There are 2 protein chains.
Amino acid sequence: MGDEMADENISDLIERYLKEILADNEQVKIRRSEIAGLFDVVPSQINYVINTRFTIQNGYIVESKRGGGGYIRIEKVRLLDDIDVLDSLIAAIGNKLSKRDSETIVQTLYNNDLINRREASIILAAIDKDAIDLNNSDLTDIMRANIMISILNRLRYEG
Amino acid sequence: MGDEMADENISDLIERYLKEILADNEQVKIRRSEIAGLFDVVPSQINYVINTRFTIQNGYIVESKRGGGGYIRIEKVRLLDDIDVLDSLIAAIGNKLSKRDSETIVQTLYNNDLINRREASIILAAIDKDAIDLNNSDLTDIMRANIMISILNRLRYEG
DNA sequence: ATAATAATAGTCAATATTAGTCAAAGAATG
DNA sequence: CATTCTTTGACTAATATTGACTATTATTAT
(Lines give C-alpha, C1' and ligand atoms only; values in the text may rest on other atoms or scores of the structure.)
Protein backbone atom coordinates (compact mmCIF):
# COMPACT_ATOMS: atom_id res chain seq x y z
CA MET A 1 0.00 0.00 0.00
CA GLY A 2 2.70 2.50 0.89
CA ASP A 3 4.87 2.27 -2.20
CA GLU A 4 3.16 3.11 -5.46
CA MET A 5 5.56 1.44 -7.84
CA ALA A 6 5.38 -2.14 -6.72
CA ASP A 7 2.95 -4.84 -7.84
CA GLU A 8 1.19 -3.12 -10.69
CA ASN A 9 -0.30 -5.40 -13.27
CA ILE A 10 -0.93 -4.29 -16.84
CA SER A 11 -4.55 -3.38 -16.16
CA ASP A 12 -3.35 -1.06 -13.41
CA LEU A 13 -0.87 0.52 -15.80
CA ILE A 14 -3.53 1.11 -18.41
CA GLU A 15 -5.79 2.59 -15.75
CA ARG A 16 -3.02 4.92 -14.62
CA TYR A 17 -2.22 5.96 -18.17
CA LEU A 18 -5.83 6.92 -18.84
CA LYS A 19 -6.26 8.69 -15.53
CA GLU A 20 -3.16 10.76 -16.14
CA ILE A 21 -4.77 12.07 -19.29
CA LEU A 22 -8.00 12.65 -17.41
CA ALA A 23 -6.14 14.68 -14.82
CA ASP A 24 -5.69 17.38 -17.46
CA ASN A 25 -8.79 16.78 -19.59
CA GLU A 26 -12.48 16.34 -19.01
CA GLN A 27 -12.49 13.36 -21.32
CA VAL A 28 -10.26 11.00 -23.22
CA LYS A 29 -11.09 9.51 -26.59
CA ILE A 30 -9.17 6.43 -27.60
CA ARG A 31 -8.98 3.87 -30.33
CA ARG A 32 -9.20 0.56 -28.53
CA SER A 33 -6.65 -1.23 -30.70
CA GLU A 34 -4.13 1.60 -30.32
CA ILE A 35 -4.12 1.42 -26.56
CA ALA A 36 -4.04 -2.35 -26.70
CA GLY A 37 -1.01 -2.13 -28.99
CA LEU A 38 0.68 0.41 -26.75
CA PHE A 39 0.54 -1.97 -23.80
CA ASP A 40 0.80 -5.14 -25.89
CA VAL A 41 -2.43 -6.72 -24.70
CA VAL A 42 -5.45 -8.03 -26.55
CA PRO A 43 -8.04 -5.37 -27.34
CA SER A 44 -10.68 -6.85 -25.07
CA GLN A 45 -8.47 -6.15 -22.09
CA ILE A 46 -9.25 -2.49 -22.61
CA ASN A 47 -12.88 -3.37 -22.01
CA TYR A 48 -11.89 -5.18 -18.87
CA VAL A 49 -10.03 -2.14 -17.57
CA ILE A 50 -12.96 0.11 -18.38
CA ASN A 51 -15.53 -2.20 -16.83
CA THR A 52 -13.61 -2.62 -13.61
CA ARG A 53 -12.11 0.83 -13.15
CA PHE A 54 -14.15 3.44 -15.00
CA THR A 55 -17.63 2.82 -13.68
CA ILE A 56 -20.23 5.41 -12.81
CA GLN A 57 -19.55 4.67 -9.13
CA ASN A 58 -16.06 5.98 -9.74
CA GLY A 59 -17.38 9.02 -11.55
CA TYR A 60 -16.89 8.09 -15.17
CA ILE A 61 -19.27 7.59 -18.05
CA VAL A 62 -18.16 5.75 -21.14
CA GLU A 63 -19.50 5.83 -24.65
CA SER A 64 -18.24 4.25 -27.82
CA LYS A 65 -18.85 3.79 -31.50
CA ARG A 66 -17.90 0.86 -33.73
CA GLY A 67 -17.02 0.83 -37.40
CA GLY A 68 -14.64 3.06 -39.31
CA GLY A 69 -13.40 5.89 -37.14
CA GLY A 70 -14.72 4.08 -34.08
CA TYR A 71 -13.64 5.08 -30.60
CA ILE A 72 -14.13 4.75 -26.89
CA ARG A 73 -14.63 7.96 -24.93
CA ILE A 74 -14.26 8.15 -21.17
CA GLU A 75 -15.68 11.21 -19.52
CA LYS A 76 -15.22 12.43 -15.98
CA VAL A 77 -18.42 13.54 -14.30
CA ARG A 78 -18.96 15.40 -11.09
CA LEU A 79 -20.62 13.12 -8.59
CA LEU A 80 -23.17 14.73 -6.34
CA ASP A 81 -22.08 15.36 -2.80
CA ASP A 82 -24.91 13.48 -1.23
CA ILE A 83 -25.63 10.23 -3.01
CA ASP A 84 -26.32 8.16 0.08
CA VAL A 85 -30.01 8.26 -0.73
CA LEU A 86 -29.32 6.93 -4.20
CA ASP A 87 -27.00 4.24 -2.94
CA SER A 88 -29.46 2.95 -0.42
CA LEU A 89 -32.32 3.04 -2.90
CA ILE A 90 -30.30 1.07 -5.42
CA ALA A 91 -29.28 -1.41 -2.74
CA ALA A 92 -32.89 -1.83 -1.66
CA ILE A 93 -34.23 -2.56 -5.13
CA GLY A 94 -32.45 -5.79 -5.78
CA ASN A 95 -33.71 -7.93 -8.60
CA LYS A 96 -37.36 -7.02 -8.89
CA LEU A 97 -39.42 -3.91 -8.26
CA SER A 98 -43.17 -3.65 -7.90
CA LYS A 99 -45.19 -0.75 -9.20
CA ARG A 100 -46.02 0.26 -5.68
CA ASP A 101 -42.40 0.29 -4.53
CA SER A 102 -41.35 2.18 -7.61
CA GLU A 103 -43.81 4.92 -6.76
CA THR A 104 -42.39 5.11 -3.27
CA ILE A 105 -38.92 5.52 -4.71
CA VAL A 106 -39.99 8.33 -7.02
CA GLN A 107 -41.66 10.03 -4.08
CA THR A 108 -38.46 9.70 -2.05
CA LEU A 109 -36.42 11.21 -4.86
CA TYR A 110 -38.81 14.11 -5.01
CA ASN A 111 -38.83 14.63 -1.25
CA ASN A 112 -35.05 14.75 -1.25
CA ASP A 113 -34.99 17.31 -4.06
CA LEU A 114 -33.18 14.90 -6.34
CA ILE A 115 -35.83 15.28 -9.03
CA ASN A 116 -38.60 17.75 -9.77
CA ARG A 117 -42.22 17.06 -10.63
CA ARG A 118 -41.66 16.91 -14.35
CA GLU A 119 -38.76 14.50 -14.00
CA ALA A 120 -40.85 12.36 -11.70
CA SER A 121 -43.51 12.24 -14.34
CA ILE A 122 -41.04 11.15 -17.01
CA ILE A 123 -39.68 8.41 -14.78
CA LEU A 124 -43.15 7.12 -14.01
CA ALA A 125 -43.93 7.05 -17.71
CA ALA A 126 -40.77 5.04 -18.35
CA ILE A 127 -41.74 2.32 -15.89
CA ASP A 128 -45.44 2.41 -16.60
CA LYS A 129 -47.01 -1.03 -16.54
CA ASP A 130 -48.43 -0.75 -20.05
CA ALA A 131 -45.11 0.34 -21.45
CA ILE A 132 -42.99 -2.45 -20.02
CA ASP A 133 -45.61 -5.17 -19.85
CA LEU A 134 -44.41 -8.57 -20.99
CA ASN A 135 -47.41 -10.75 -20.22
CA ASN A 136 -45.41 -11.99 -17.29
CA SER A 137 -45.56 -10.08 -14.04
CA ASP A 138 -42.23 -11.39 -12.82
CA LEU A 139 -40.48 -10.18 -15.94
CA THR A 140 -42.26 -6.86 -15.67
CA ASP A 141 -40.92 -6.37 -12.17
CA ILE A 142 -37.42 -7.30 -13.29
CA MET A 143 -37.63 -4.84 -16.14
CA ARG A 144 -38.91 -2.13 -13.80
CA ALA A 145 -36.00 -2.76 -11.44
CA ASN A 146 -33.46 -2.54 -14.24
CA ILE A 147 -34.85 0.69 -15.61
CA MET A 148 -35.10 2.28 -12.19
CA ILE A 149 -31.53 1.37 -11.32
CA SER A 150 -30.30 2.78 -14.61
CA ILE A 151 -32.08 6.05 -13.87
CA LEU A 152 -30.84 6.20 -10.28
CA ASN A 153 -27.30 5.72 -11.53
CA ARG A 154 -27.82 8.60 -13.89
CA LEU A 155 -28.90 10.80 -11.00
CA ARG A 156 -25.56 10.25 -9.31
CA TYR A 157 -23.95 13.05 -11.23
CA GLU A 158 -24.76 16.54 -12.42
CA GLY A 159 -25.01 17.93 -15.90
CA MET B 1 -5.26 12.82 -26.71
CA GLY B 2 -7.68 14.83 -24.67
CA ASP B 3 -10.17 17.08 -26.38
CA GLU B 4 -9.04 17.20 -29.96
CA MET B 5 -11.74 16.12 -32.33
CA ALA B 6 -9.62 14.63 -35.09
CA ASP B 7 -10.12 11.15 -36.46
CA GLU B 8 -13.77 11.50 -37.33
CA ASN B 9 -14.88 9.17 -40.07
CA ILE B 10 -15.68 10.61 -43.47
CA SER B 11 -19.42 10.19 -43.05
CA ASP B 12 -19.29 12.37 -39.95
CA LEU B 13 -17.31 15.00 -41.85
CA ILE B 14 -19.83 15.04 -44.66
CA GLU B 15 -22.66 15.32 -42.14
CA ARG B 16 -20.93 18.24 -40.46
CA TYR B 17 -20.27 19.96 -43.77
CA LEU B 18 -23.93 19.80 -44.75
CA LYS B 19 -25.18 20.87 -41.35
CA GLU B 20 -22.92 23.87 -41.37
CA ILE B 21 -24.61 25.01 -44.53
CA LEU B 22 -28.00 24.26 -43.01
CA ALA B 23 -27.14 26.39 -40.00
CA ASP B 24 -27.40 29.45 -42.24
CA ASN B 25 -29.92 28.20 -44.79
CA GLU B 26 -33.29 26.54 -44.75
CA GLN B 27 -32.11 24.03 -47.31
CA VAL B 28 -29.09 22.80 -49.17
CA LYS B 29 -29.10 21.58 -52.73
CA ILE B 30 -26.19 19.48 -53.84
CA ARG B 31 -24.96 17.51 -56.79
CA ARG B 32 -24.20 14.10 -55.39
CA SER B 33 -21.06 13.51 -57.44
CA GLU B 34 -19.64 16.91 -56.49
CA ILE B 35 -19.86 16.25 -52.77
CA ALA B 36 -18.50 12.76 -53.32
CA GLY B 37 -15.56 14.25 -55.20
CA LEU B 38 -15.00 16.88 -52.53
CA PHE B 39 -14.55 14.20 -49.88
CA ASP B 40 -13.08 11.60 -52.23
CA VAL B 41 -15.69 8.92 -51.63
CA VAL B 42 -17.95 6.96 -53.94
CA PRO B 43 -21.23 8.74 -54.73
CA SER B 44 -23.37 6.20 -52.94
CA GLN B 45 -21.74 7.14 -49.67
CA ILE B 46 -23.68 10.40 -49.89
CA ASN B 47 -26.83 8.31 -49.80
CA TYR B 48 -25.50 6.50 -46.76
CA VAL B 49 -24.90 9.78 -44.96
CA ILE B 50 -28.35 11.05 -45.84
CA ASN B 51 -30.09 7.84 -44.86
CA THR B 52 -28.36 7.62 -41.50
CA ARG B 53 -28.19 11.30 -40.54
CA PHE B 54 -30.85 13.31 -42.33
CA THR B 55 -33.99 11.36 -41.62
CA ILE B 56 -37.40 12.81 -40.90
CA GLN B 57 -36.89 11.94 -37.27
CA ASN B 58 -33.92 14.19 -37.29
CA GLY B 59 -36.00 16.98 -38.74
CA TYR B 60 -35.05 16.87 -42.38
CA ILE B 61 -36.85 16.02 -45.57
CA VAL B 62 -34.91 15.04 -48.64
CA GLU B 63 -35.94 15.18 -52.23
CA SER B 64 -33.98 14.55 -55.35
CA LYS B 65 -34.09 14.40 -59.09
CA ARG B 66 -32.06 12.25 -61.47
CA GLY B 67 -30.93 12.96 -64.98
CA GLY B 68 -29.25 16.08 -66.35
CA GLY B 69 -29.23 18.86 -63.78
CA GLY B 70 -30.14 16.33 -61.13
CA TYR B 71 -29.73 17.18 -57.47
CA ILE B 72 -30.38 16.21 -53.89
CA ARG B 73 -32.07 18.78 -51.72
CA ILE B 74 -32.08 18.56 -47.94
CA GLU B 75 -34.57 20.76 -46.20
CA LYS B 76 -35.07 21.51 -42.55
CA VAL B 77 -38.65 20.89 -41.55
CA ARG B 78 -40.33 23.32 -39.26
CA LEU B 79 -43.08 21.71 -37.27
CA LEU B 80 -45.76 24.10 -36.17
CA ASP B 81 -45.93 23.39 -32.47
CA ASP B 82 -44.83 21.01 -29.76
CA ILE B 83 -47.74 18.64 -30.22
CA ASP B 84 -46.88 18.31 -33.90
CA VAL B 85 -43.33 17.36 -32.99
CA LEU B 86 -44.50 14.75 -30.51
CA ASP B 87 -47.18 13.38 -32.80
CA SER B 88 -44.83 12.95 -35.71
CA LEU B 89 -42.21 11.34 -33.51
CA ILE B 90 -44.73 8.91 -32.07
CA ALA B 91 -46.04 8.12 -35.53
CA ALA B 92 -42.55 7.43 -36.81
CA ILE B 93 -41.62 4.95 -34.08
CA GLY B 94 -43.87 2.04 -34.89
CA ASN B 95 -43.22 -1.32 -33.32
CA LYS B 96 -39.47 -1.35 -32.78
CA LEU B 97 -36.89 1.33 -32.05
CA SER B 98 -33.15 1.01 -32.41
CA LYS B 99 -30.69 2.64 -30.06
CA ARG B 100 -29.53 4.90 -32.83
CA ASP B 101 -33.02 6.07 -33.72
CA SER B 102 -33.86 6.63 -30.08
CA GLU B 103 -30.89 8.93 -29.74
CA THR B 104 -32.05 10.85 -32.76
CA ILE B 105 -35.47 11.27 -31.20
CA VAL B 106 -34.05 12.55 -27.93
CA GLN B 107 -31.89 14.98 -29.88
CA THR B 108 -34.95 16.23 -31.74
CA LEU B 109 -36.84 16.74 -28.48
CA TYR B 110 -33.94 18.76 -27.18
CA ASN B 111 -33.56 20.78 -30.37
CA ASN B 112 -37.24 21.70 -30.18
CA ASP B 113 -36.94 22.77 -26.55
CA LEU B 114 -39.33 20.04 -25.43
CA ILE B 115 -36.84 18.67 -22.93
CA ASN B 116 -33.68 19.95 -21.33
CA ARG B 117 -30.32 18.24 -21.09
CA ARG B 118 -31.03 16.56 -17.81
CA GLU B 119 -34.36 15.22 -18.94
CA ALA B 120 -32.69 13.95 -22.09
CA SER B 121 -30.18 11.98 -20.09
CA ILE B 122 -32.87 10.54 -17.82
CA ILE B 123 -34.74 9.33 -20.89
CA LEU B 124 -31.57 7.84 -22.33
CA ALA B 125 -30.94 6.07 -19.04
CA ALA B 126 -34.44 4.61 -19.13
CA ILE B 127 -33.93 3.06 -22.57
CA ASP B 128 -30.30 2.13 -22.10
CA LYS B 129 -29.40 -1.21 -23.63
CA ASP B 130 -28.06 -2.63 -20.40
CA ALA B 131 -31.23 -1.64 -18.57
CA ILE B 132 -33.76 -3.15 -20.94
CA ASP B 133 -31.69 -5.98 -22.35
CA LEU B 134 -33.39 -9.35 -22.45
CA ASN B 135 -30.83 -11.38 -24.36
CA ASN B 136 -32.98 -10.86 -27.39
CA SER B 137 -32.25 -7.94 -29.61
CA ASP B 138 -35.72 -7.86 -31.17
CA LEU B 139 -37.40 -7.70 -27.79
CA THR B 140 -34.99 -4.98 -26.73
CA ASP B 141 -36.05 -2.81 -29.65
CA ILE B 142 -39.71 -3.48 -28.92
CA MET B 143 -39.24 -2.55 -25.27
CA ARG B 144 -37.39 0.59 -26.27
CA ALA B 145 -40.22 1.60 -28.57
CA ASN B 146 -42.83 1.04 -25.85
CA ILE B 147 -40.96 3.06 -23.26
CA MET B 148 -40.23 5.90 -25.65
CA ILE B 149 -43.85 6.12 -26.75
CA SER B 150 -44.97 6.14 -23.13
CA ILE B 151 -42.64 9.03 -22.37
CA LEU B 152 -43.61 10.97 -25.49
CA ASN B 153 -47.28 10.59 -24.64
CA ARG B 154 -46.56 11.88 -21.15
CA LEU B 155 -44.79 14.91 -22.59
CA ARG B 156 -47.80 15.50 -24.76
CA TYR B 157 -49.91 16.61 -21.85
CA GLU B 158 -47.22 17.42 -19.37
CA GLY B 159 -46.46 20.68 -21.16
C1' DA C 1 -42.48 12.59 -82.25
C1' DT C 2 -39.61 8.84 -81.20
C1' DA C 3 -35.51 6.56 -80.21
C1' DA C 4 -30.99 6.52 -78.62
C1' DT C 5 -27.74 8.31 -75.55
C1' DA C 6 -25.97 10.86 -71.71
C1' DA C 7 -26.27 12.33 -67.14
C1' DT C 8 -27.64 12.02 -63.22
C1' DA C 9 -29.35 9.57 -58.43
C1' DG C 10 -30.87 4.97 -55.90
C1' DT C 11 -30.34 0.20 -54.13
C1' DC C 12 -28.18 -3.47 -52.24
C1' DA C 13 -24.95 -6.65 -50.99
C1' DA C 14 -20.03 -7.51 -50.24
C1' DT C 15 -16.19 -6.09 -47.65
C1' DA C 16 -13.68 -3.42 -44.20
C1' DT C 17 -13.19 -1.48 -39.79
C1' DT C 18 -13.96 -0.88 -35.69
C1' DA C 19 -15.79 -2.26 -30.49
C1' DG C 20 -18.37 -5.82 -27.28
C1' DT C 21 -19.22 -10.36 -24.99
C1' DC C 22 -18.14 -14.32 -22.75
C1' DA C 23 -15.94 -18.09 -21.01
C1' DA C 24 -11.71 -20.53 -20.31
C1' DA C 25 -7.03 -20.43 -18.71
C1' DG C 26 -3.60 -18.40 -15.74
C1' DA C 27 -1.96 -15.64 -11.79
C1' DA C 28 -2.34 -13.67 -7.36
C1' DT C 29 -4.20 -13.50 -2.89
C1' DG C 30 -5.54 -14.86 1.65
C1' DC D 1 -6.63 -24.85 -1.22
C1' DA D 2 -10.25 -21.77 -2.48
C1' DT D 3 -11.40 -17.60 -4.19
C1' DT D 4 -10.92 -13.60 -6.75
C1' DC D 5 -8.67 -10.93 -10.22
C1' DT D 6 -6.30 -10.78 -14.68
C1' DT D 7 -5.25 -12.19 -19.29
C1' DT D 8 -6.42 -14.23 -23.61
C1' DG D 9 -8.82 -15.21 -27.81
C1' DA D 10 -12.75 -16.89 -30.44
C1' DC D 11 -16.94 -15.28 -31.65
C1' DT D 12 -20.46 -11.47 -32.20
C1' DA D 13 -22.35 -6.82 -33.27
C1' DA D 14 -22.40 -2.26 -35.09
C1' DT D 15 -21.00 1.07 -38.37
C1' DA D 16 -18.59 2.63 -42.49
C1' DT D 17 -16.94 2.12 -47.21
C1' DT D 18 -17.08 0.45 -51.81
C1' DG D 19 -18.76 -0.77 -56.29
C1' DA D 20 -21.73 -3.23 -59.49
C1' DC D 21 -26.10 -2.85 -61.07
C1' DT D 22 -30.63 -0.32 -61.60
C1' DA D 23 -33.89 3.64 -62.30
C1' DT D 24 -35.05 8.11 -63.73
C1' DT D 25 -34.72 12.34 -66.29
C1' DA D 26 -32.70 15.33 -69.81
C1' DT D 27 -30.65 15.91 -74.19
C1' DT D 28 -29.58 14.76 -78.79
C1' DA D 29 -30.20 12.40 -83.15
C1' DT D 30 -33.28 10.52 -86.57
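In what follows, chains carry the letters A, B, and so on, assigned in the order in which the sequence lines appear, proteins first and then strands, with residues in each chain numbered from 1. Here the structure is a predicted model, which means the values were calculated and not measured.
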Sugar-phosphate, base or nothing in reach of Arg73(B), heavy atoms under 4.0 Å: nothing
Between Glu75(B) and Glu26(B), is there a side-chain heavy-atom distance shorter than 4.5 Å? no
Starting from C1' on dA19(C), measure out to CD1 on Ile30(A) and report it in whole angstrom. 10 Å
Given atom CZ of Arg31(A) and atom P of dA16(D), what is their separation to the nearest angstrom? 13 Å
Kindly indicate whether the side chain of Ile105(A), heavy atoms from C-beta on, has any atom under 4.5 Å from the side chain of Ile123(A). no
For Lys29(A) and dA19(C), give me the distance from atom NZ to atom P, rounded to whole Å. 11 Å
Hey, does Ile46(A) reach any base, or is it just sugar-phosphate, or nothing, if we go heavy atoms under 4.0 Å? nothing
Nearest 0.5 Å, please: how far is CD1 in Ile21(A) from CD1 in Ile30(A)? 8.5 Å
Name the residue from Leu152(B), Val106(B), Leu114(B) that meets the side chain to side chain contact (heavy atoms under 4.5 Å, CB included) definition with Leu89(B). Leu152(B)
Nearest-neighbour nucleotide for the Val42(B) side chain, dG10(C), dT17(D), dT18(D) considered: dT18(D)
Rounded to whole angstroms, how far apart are CZ on Phe39(B) and P on dT17(D)? 12 Å
Short side-chain N/O contact to dT8(C) OP1/OP2 from Ser64(B), under 4.0 Å: no
Looking at dG10(C), does its base get a donor-acceptor pair with the side chain of Ser44(B) below 3.5 Å? no
Report, one pair per line, the protein and nucleotides 24-26 of chain D atoms (nitrogen or oxygen only) whose separation is under 3.5 Å.
from	atom 1	to	atom 2	distance (Å)
dA26(D)	OP1	Lys65(B)	NZ	2.9
dA26(D)	O4'	Gly68(B)	N	3.4

Tyr157(A) six-ring centre to Lys76(A) NZ/CZ under 6.0 Å and within 45° of normal: no
Just how far, in rounded Å, is P of dT15(D) from NZ of Lys129(B)? 12 Å
Using the closest heavy atom to pick a nucleotide of DNA chain C for each, name whichever of Asp130(B) or Asn51(B) lands nearer the 5' end. Asn51(B)
Given atom CD of Gln45(A) and atom P of dT7(D), what is their separation to the nearest angstrom? 4 Å
With the side chain of Ile72(B) defined as its heavy atoms from C-beta on, choose the nearest nucleotide among dT15(D), dG10(C), dC5(D). dG10(C)
Sugar-phosphate only, base, or nothing, as touched by Tyr71(B) at under 4.0 Å among non-hydrogen atoms: sugar-phosphate
Respond yes when some side-chain nitrogen or oxygen of Arg32(A) is under 4.0 Å from OP1 or OP2 of dT18(C), and no when none is. no
Examine the side chains of Asn153(A) and Arg156(A) and answer whether a donor and an acceptor come within less than 3.5 Å of each other. yes
Side-chain donor-acceptor pair under 3.5 Å between Thr55(A) and Asn58(A), yes or no? yes
Nearest-Å distance, CG (Asp141(B)) to P (dA13(D))? 13 Å
Please report, rounded to the nearest Å, how far the P atom of dT6(D) is from the CD atom of Glu8(A). 12 Å
